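Written below as structure tokens is the structure these notes are about.
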Amino acid sequence: MKMMRFYQELISTNNKLAHKDSEFSLGISNWYKKNGRENLPWREDVSPYRIWISEVMLQQTQVKTVIPFFNSFISHYPNLNKLSYASEENILALWTGLGFYRRARNIYKAKEVIKANFNNEFPTKFNEIISLPGVGDSTAGAIMSIAYKESYPILDANVKRVISRYEGVVNDSSSSSIKELWTLSRKHTPLKSIFEYTQGIMDIGATICNTKTPECKICPVHRSCVSAFSTIEKKVISKKINPIKYIHFELAYTDKKVLLFKRHKKTFWESLWIPYETDNS
DNA sequence: AACTCGGGGCA
DNA sequence: TGCCCAGAGTT
């Protein structure tokens, strides 16, 4: 049956990788090295806590960007117990430069929830995990499949691209597209070898089935892929230009210090330090 | 359902 | 300069 074939091919590729006994797997292996996807820090010493932190950092943020932030965060807070003592300000400081700072505030909120509701131990059930702030369907699925090795689907940018091409369905931000891709992701998610499947499909999406120039020749699933060797679909997206907003500041400073204020509005920059805002309507 | 995220990398 | 990235929360 075709639906099983997809992950079987992925799994067999992964097994070949482990043994590195064919030209084919050697080619894949070289792709990994070229793209730096071997020895990703969150793939070492796998734990729910480390996968949680990495998955949140990886939301809409590229692997290469996340690596130094993950290592720094883990060196400060190697486990949940250490993190339980952190302030929101501590966590935000480690997030400086990574962007999407709501994620850092949600890490703080989530660890407080874990302290209050889960005896300061990382929850083990999908419904508990997805209840944590900053954890949605895909991140919860990633924690379940990677850390707990239970059969749950994910839908990140890699899976969207691989599956939409493999099945020949549209991949855009419309709710109908997202819904269909979730259905297909669930269909392809195997009951066994879930860890290998999840890592494998993301690796293929990141290295072989990439956005610009997919390498169908070396793709392990090209025989059953609807879009294999076909020209890349051109996304025609009418992008709206946002009107420019001006924000005015006054910065008070001495030769040694600057005066900043913690922003409390929830619209944007919540909890972040900014100069005095003037004349903003 | 659309919009946003003190963002960054890459062609 | 524009598109993309291991998405989620808010309006």
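Worth saying up front: this structure is predicted, and the values here are computed from it rather than measured.
- For the residue pair D156(A) and N158(A), a side-chain donor N or O sits within less than 3.5 Å of a side-chain acceptor on the partner.
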Could you list the protein-to-nucleotides 9-11 of chain C atom pairs, N/O on both sides, closer than 3.5 Å?
| from | atom 1 | to | atom 2 | distance (Å) |
| --- | --- | --- | --- | --- |
| dG9(C) | OP1 | G134(A) | N | 2.5 |
| dG9(C) | OP1 | V135(A) | N | 3.4 |

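- With dA6(C), dA8(C), dC5(C) as the candidates, the nucleotide lying closest to the side chain of E55(A) is dA6(C).
- Here G205(A) lies out of heavy-atom contact (under 4.0 Å) with every strand.
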Filtered N/O pairs between nucleotides 9-11 of chain B and protein, under 3.5 Å:
| from | atom 1 | to | atom 2 | distance (Å) |
| --- | --- | --- | --- | --- |
| dC10(B) | OP1 | K64(A) | NZ | 2.5 |

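- Under the 6.0 Å distance and 45° angle rule, K149(A) counts as a cation-pi partner of F195(A).
- Contact annotation: S174(A) does not reach the phosphate of dA1(B) (side-chain N/O to OP1 or OP2, under 4.0 Å).
- The CH2 atom of W52(A) sits 14 Å away from the P atom of dA8(C) (whole-angstrom rounding).
- Following rounding to the nearest Å, I178(A) (CD1) and dG7(C) (C1') show an atom-to-atom distance of 10 Å.
- Distance check on atom P: dG8(B) versus dG9(C) gives 22 Å, rounded to whole Å.
- For the segment residues 143-157 of chain A, no residue has any heavy atom less than 4.0 angstrom from an atom of DNA chain B.
- Atom C1' of nucleotide dA6(C) and atom CZ of F69(A) are separated by 17 Å, given to the nearest angstrom.
- Legend: ring pair (Phe, Tyr, Trp, His ring centres under 6.0 Å) pairs involving residues 123-149 of chain A, not counting sequence neighbours, sorted by first then second residue: F126(A)-Y152(A).
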Report, one line per pair, each donor and acceptor closer than 3.5 Å where one atom sits in a side chain of residues 55-63 of chain A; sequence neighbours left out.
| from | atom 1 | to | atom 2 | distance (Å) |
| --- | --- | --- | --- | --- |
| Q59(A) | NE2 | G134(A) | O | 3.1 |
| Q59(A) | NE2 | T139(A) | OG1 | 3.0 |
| T61(A) | OG1 | M57(A) | O | 3.4 |
| T61(A) | OG1 | Q59(A) | O | 3.0 |
| T61(A) | OG1 | R103(A) | NH1 | 3.1 |
| T61(A) | OG1 | R103(A) | NH2 | 3.4 |

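- Remark: N106(A) engages R102(A), K109(A), P133(A) in a side-chain contact (heavy atoms from CB on, under 4.5 Å) (not counting sequence neighbours).
- Ring centers of F122(A) and F118(A): at least 6.0 Å apart, outside the cut-off.
- Salt-bridge formation is not detected for the pair E277(A)/K265(A): no Lys NZ or Arg NE/NH1/NH2 atom is positioned less than 4.0 Å from an Asp or Glu carboxylate oxygen.
- As judged by a 4.0 angstrom heavy-atom cut-off over every strand, W42(A) is placed among the base-contacting residues.
- Taking atom NZ of residue K179(A) and atom C1' of nucleotide dG7(C), one finds them 20 Å apart after rounding to whole Å.
- Across all strands, T139(A) comes closer than 4.0 Å only to sugar-phosphate atoms, never to a base (heavy-atom distances).
- Atom-to-atom, CH2 of W182(A) to P of dG7(C) comes out at 11 Å; the value is rounded to the nearest Å.
- For the pair R165(A) CZ and dC4(C) P, the computed distance is 10 Å after rounding to whole Å.
- S175(A) has a side-chain polar atom (N or O) that falls below the 4.0 Å cut-off from OP1 or OP2 of dA1(B).
- Separation of the C1' atoms belonging to dC5(B) and dC5(C) is 13 Å when rounded to the nearest angstrom.
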